[in-house]
Amino acid sequence: MSKIALAHAVDADEPEEREFKPLTAEEARALRESEPALSPWRVVAWQLATGSLTALVAWGVSGQAVAGWSAMYGAVAVIIPAALFARGLMSQFSSLNAATASFGFFVWEAVKLAVSVAMIAAAPRLIEDLSWLAMMAGLFVTLKVYWLALLVRPKRKTDLRA
């Protein structure tokens, strides 16, 4: 290794010293306005709409009501856990500080996964003549709504004063 490459490698390992400057109230407000947050409830609403549409399509394509019910159950196996997750994240305890927010995120994510798995495991007992293909279609399409919600989220407001 050459001396120049070695000098760059040593410099790259050293942390850059940057001065931290907290935002003023006005700067924080401007940042919140320019970068609107995506509500988890909006995602749940999109999931409900998409899951319902998937169930109707499954019913229409197959001509069997059980396919529609199976697809809707797959969607509900995503929607109910997502609603629990959103409720948990938006709770007062989860927003006390960064530590409780991080802990709350992991706890509610575990709850979401456990409820989803339990609902899928219970499906054959709850829906007579369950169509696994339709249920998985409802589940997967509803899961992909996260990407759609990110694409159609509220747009940034541009600052015309600058």
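Starting from 1, each residue takes its place in the sequence as its number. Bear in mind that the values here come from a model prediction, so they are computed numbers and not experimental data.
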task = Could you list all the salt bridge (Lys or Arg N to Asp or Glu O under 4.0 Å) pairs where at least one residue sits in residues 102-113, not counting sequence neighbours?
result = Glu109-Lys112

ask   = So which pairs with a foot in residues 127-149 pass salt bridge (Lys or Arg N to Asp or Glu O under 4.0 Å), sequence neighbours left out?
value = none

Give a yes or no on whether [X] and [Y] share a hydrophobic cluster (residues Ile, Leu, Val, Met, Phe, Trp, Tyr; joining criterion: side-chain heavy atoms under 4.5 Å apart).
{"X": "Leu143", "Y": "Ile120", "value": "yes"}
{"X": "Trp108", "Y": "Phe105", "value": "yes"}
{"X": "Val111", "Y": "Val117", "value": "no"}
{"X": "Val141", "Y": "Leu130", "value": "no"}
{"X": "Trp132", "Y": "Ile127", "value": "yes"}

request  = Search all heavy atoms of Gly138 against all heavy atoms of Thr54 and return the closest pair with its distance.
outcome  =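 Taking every non-hydrogen atom into account, CA-CG2, 3.8 Å.
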
message = Does atom CG (Leu133) have a neighbourhood of more than 12 heavy atoms from anything else shown, all under 6.0 Å?
response =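 Open.
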
request  = Apply the test side chain to side chain contact (heavy atoms under 4.5 Å, CB included) to residues Phe85 and Met90: give CA-CA distance (whole Å), side-chain angles for both, the deciding distance (0.1 Å), then the verdict.
outcome  = CA-CA 9 Å; Phe85 180 73; Met90 303 303 280; over 6 Å; no

Distance-only donor-acceptor hits, side chain of residues 58-81, under 3.5 Å, sequence neighbours excluded:
unit_1	atom_1	unit_2	atom_2	d
Ser62	OG	Ala58	O	2.8
Ser62	OG	Gln64	N	3.1
Ser62	OG	Gln64	O	3.4
Ser70	OG	Val66	O	2.7
Ser70	OG	Ser131	N	3.0
Tyr73	OH	Met119	O	2.6

query = Hey, which of Val44, Thr50, Leu48 is the one that makes side chain to side chain contact (heavy atoms under 4.5 Å, CB included) with Val145?
reply = Thr50

